[in-house]
Amino acid sequence: MESSDKAARKPAGTSLIFVNSRRQVLLLLRDDKPEIKYPGMWDIPGGQLEENETPAQCIKREMDEELGLSIEDLHLFEVKEFPDRLEYTFWTEADLHIEGITLMEGQKLCWFSEEEAASIQLAFGFNSTIREFFSRAPFLSGRK
């Protein structure tokens, strides 16, 4: 019980793994500003929950604010306790034309294969999340 009480007091974050028809995941290159966490590192798009907001509401808001995207087809992938937060990671299938997206945060977007994503250090400890995503491969289950 003590562990779950501790998790409940941690800030909560949300992230969204976009996977395209080529089985690539979309990553965001964070701004290169020294005042932010993990400047200039690749990251899964997402953000922090606001008061009275559900994780699904949060990730939809964040994708609208940061990428200008309206996301409806969400699937919860995992809820994971990190040392600094409780993270709700969702996933969706999308063949986005990223060159047409105007970023409100971050330097750029890029599609990564499983091997490419495994070869870089991701922000916020997300390497294990991406490894697990490709290992479980929910996008192969026919879920649309």
Side-chain angles (χ1 to χ4, degrees), residues 3-50 53-144:
S3 175
S4 63
D5 288 346
K6 211 187 300 181
R9 288 193 299 266
K10 287 184 177 183
T14 62
S15 49
L16 179 58
I17 300 172
F18 290 92
V19 60
N20 67 17
S21 58
R22 296 176 60 197
R23 298 183 184 170
Q24 296 170 311
V25 293
L26 186 67
L27 298 178
L28 169 81
L29 183 60
R30 294 176 59 75
D31 287 317
D32 198 11
K33 299 177 181 174
E35 67 271 14
I36 67 169
K37 289 184 178 181
Y38 305 102
M41 289 182 72
W42 289 100
D43 193 7
I44 300 173
Q48 297 257 325
L49 262 81
E50 293 180 353
E53 189 175 49
T54 68
Q57 290 169 333
C58 175
I59 198 62
K60 288 178 180 184
R61 175 185 52 77
E62 289 286 348
M63 294 306 98
D64 181 48
E65 289 175 1
E66 294 179 12
L67 306 178
L69 299 174
S70 176
I71 307 296
E72 294 304 320
D73 189 28
L74 287 176
H75 310 283
L76 183 62
F77 174 64
E78 70 178 9
V79 179
K80 184 174 184 180
E81 187 175 345
F82 284 89
D84 62 336
R85 71 194 186 285
L86 187 63
E87 187 73 27
Y88 295 83
T89 301
F90 296 88
W91 72 277
T92 191
E93 293 179 275
D95 281 310
L96 300 172
H97 298 285
I98 57 176
E99 48 288 329
I101 295 175
T102 301
L103 292 176
M104 299 300 133
E105 288 184 24
Q107 299 179 62
K108 68 178 178 176
L109 295 167
C110 191
W111 291 106
F112 286 78
S113 68
E114 180 177 3
E115 296 76 22
E116 291 167 335
S119 72
I120 59 173
Q121 183 64 41
L122 298 177
F124 296 99
F126 277 131
N127 285 83
S128 62
T129 299
I130 293 295
R131 267 193 312 276
E132 185 65 20
F133 182 74
F134 279 111
S135 173
R136 289 177 30 199
F139 47 90
L140 297 179
S141 69
R143 242 172 115 168
K144 293 266 178 188

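Throughout, numbering of the chain's residues begins at 1 and tracks the sequence.
Salt bridge status for Glu114 with Arg23: absent, with no side-chain N to carboxylate O gap under 4.0 Å.
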Would you mind writing out the side-chain donor-acceptor pairs for residues 37-49 within the sub-3.5 Å range, not counting sequence neighbours?
from  : atom 1 : to    : atom 2 : distance (Å)
Asp43 : OD2    : Arg30 : NH1    : 3.2

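Between Tyr88 and Lys80, every side-chain heavy-atom pair lies at or beyond the 4.5 Å cut-off. Looking only at side-chain heavy atoms (C-beta outward), Val19 and Leu26 stay at 4.5 Å or farther from each other. Between Ile71 and Phe90, every side-chain heavy-atom pair lies at or beyond the 4.5 Å cut-off. The closest side-chain heavy-atom distance from Thr102 to Leu67 is not below 4.5 Å. Residues Thr92 and Phe18 form a side-chain contact, since some pair of their non-hydrogen atoms from C-beta on lies under 4.5 Å apart. Taking 4.5 Å as the limit, some side-chain heavy atom of Arg85 sits within range of a side-chain heavy atom of Phe124.
Among pairs with a residue in residues 11-22, those fulfilling side chain to side chain donor-acceptor pair (under 3.5 Å) read Ser15-Glu87, Ser15-Thr89, Asn20-Gln24, Ser21-Asp95, at least two apart in sequence or across chains.
Residue Gly125 comes nearest to Ser128 through the heavy atom pair O-OG, 3.5 Å, listed as atom of the first residue, atom of the second, then distance.
Shown here are the side chain to side chain contact (heavy atoms under 4.5 Å, CB included) partners of Ala118, two or more places apart in sequence or in another chain: there are none. Not counting sequence neighbours, the partners of Arg61 by the side chain to side chain contact (heavy atoms under 4.5 Å, CB included) test are Glu50, Glu53, Cys58, Glu65. Under the side chain to side chain contact (heavy atoms under 4.5 Å, CB included) criterion, Glu116 pairs with Phe112, Ser113, sequence neighbours left out. When the side chain to side chain contact (heavy atoms under 4.5 Å, CB included) test is applied to Glu99, the partners found at least two apart in sequence or on another chain are His97.
With rounding to the nearest 0.5 angstrom, the CG atom of Leu109 is 5.5 Å from the CG atom of Leu28. From Ile59, atom CD1 reaches atom CG of Leu76 across 11.0 Å, with rounding to the nearest 0.5 Å. Note that SG of Cys110 and CG of Leu29 are 9.0 Å apart. Values are rounded to the nearest 0.5 Å. Rounding to the nearest 0.5 angstrom, the gap separating the CG atom in Leu69 from the CG atom in Leu16 is 9.0 Å. Taken from CD in Glu66 to CD in Glu105, the straight-line distance is 4.0 Å, to the nearest 0.5 Å. One finds the CD atom of Glu78 at 4.5 Å from the OG1 atom of Thr129 (value rounded to the nearest 0.5 Å).
No side-chain donor from either of Ser70 and Lys60 sits under 3.5 Å from a side-chain acceptor of the other.
More than 12 heavy atoms of other residues, nucleotides or ligands shown are found within 6.0 angstrom of CZ on Arg136.
Aromatic ring orientation, Phe139 versus Phe133: tilted (interplanar angle from 30° to 60°).
Under the 3.5 Å distance criterion, the side-chain polar atoms of Asp84 are left unmatched by any main-chain donor or acceptor of Pro11.
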